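In this text, all values refer to a predicted model and were calculated from it rather than measured experimentally. Numbers for residues simply follow the sequence, beginning at 1.
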Amino acid sequence: MARIVIASVLEESREKLNRLLASSGFSVFRCCASGSELRRTLNECEDGIVVLMGQIPDCKADELQWDYGDRVQILLIGKTALLEDCEAPEIFRLPLPLSSQALAGAVEMLSQLHQMHLPKRTGAEKQTVEQAKRLLMRRHGITEPEAHRAMQQYAMRHGMKMSDYAAEIILSSKRTED
């Protein structure tokens with residue numbers, strides 16, 4: 001089952017969404033009040049479903065789709081104007097007022113889509129990615145989530161698999177050692 005992350009600036013909205021999802025049998029991984037908290041959470045859990053309620057000042061749904069599109073399914077809930085303002089066609093939208101059936105159905109559908117689109121890394125690919133992250137962490141003095149994010153962004157921008165980019169990092173490191 002995909003990890004579900006709720007994001008809203010309003011605590012009341014986060015709690016209501018959490019209750020609605022729990023009553024429909026879904027388990028929420030984390031609730032976030034800001035875009036930076038949401039990004040830290042997504043870097044930590046690597047993939048999942050984001051239920052974004054309304055607008056978060058430091059985080060637009062379109063930006064999330066651009067940054068995490070290969071790993072995250074996004075459900076944007078809001079007023080019609082907010083939903084129409086969202087440009088990314090991959091983002092699923094639900095207008096307010098929200099029914100519990102519509103929310104449960106949307107999250108179930110996104111959960112199935114998420115499972116279908118998740119890239120499956122082999123054991124060797126996972127080891128390569130982990131080795132490259134350790135190299136970046138050591139070389140640049142960054143944390144594991146920062147190394148993961150840097151690799152992910154580069155790979156996405158250049159249309160390549162993260163494991164292929166990781167192999168390039170390792171190869172480059174071996175060349176500089178020689």
Which atom of I56 lies closest to which atom of G35, heavy atoms considered: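 Smallest interatomic distance, heavy atoms only, reads CG2-N, 3.4 Å.
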
Do [X] and [Y] come within less than 4.5 Å of each other through their side chains, counting heavy atoms only?
X	Y	answer
L52	L64	yes
M53	K16	no
L21	V107	yes
V9	Q55	no
I169	L171	no
E125	M162	no
K133	E130	yes
V5	V51	no

Gap between atom [atom2] of [Y] and atom [atom1] of [X] - 0.5 Å precision:
X	Y	atom1	atom2	value
S111	Q73	OG	CD	9.5 Å
R14	C31	CZ	SG	7.0 Å
I4	F26	CD1	CZ	5.5 Å
I6	L17	CD1	CG	5.0 Å
M137	H148	CE	NE2	12.5 Å
S163	M151	OG	CE	8.5 Å

Which residues pass the side chain to side chain donor-acceptor pair (under 3.5 Å) test with [X], sequence neighbours left out?
X	value
S100	none
S23	none
D67	R39, R149
E146	T143

Qualifying residues under side chain to side chain contact (heavy atoms under 4.5 Å, CB included), relative to [X], sequence neighbours excluded:
X	value
I170	T128, Q131, A132, L135, K174
S172	none
K60	E63
R30	C32, T41, E44

Which residues share a ring-ring contact (aromatic ring centres under 6.0 Å, His included) with Y154, sequence neighbours left out: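 ring-ring contact (aromatic ring centres under 6.0 Å, His included) check on Y154 returns H158, Y165.
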
Shared hydrophobic cluster, Y68 / W66 (ILVMFWY, side-chain heavy atoms < 4.5 Å): no

Lys/Arg N to Asp/Glu carboxylate O, E37 vs R40, below 4.0 Å: no

Tell me which donor-acceptor pairs under 3.5 Å the side chains of residues 75-92 have, and how far apart each pair is, sequence neighbours excluded?
none

Intermediate values then yes/no, side-chain contact (heavy atoms from CB on, under 4.5 Å), S36 and D58: CA-CA 7 Å; S36 57; D58 60 338; 3.9 Å; yes

Test side-chain contact (heavy atoms from CB on, under 4.5 Å) applied to Q101 and S24, step by step: CA-CA 8 Å; Q101 293 92 349; S24 298; over 6 Å; no

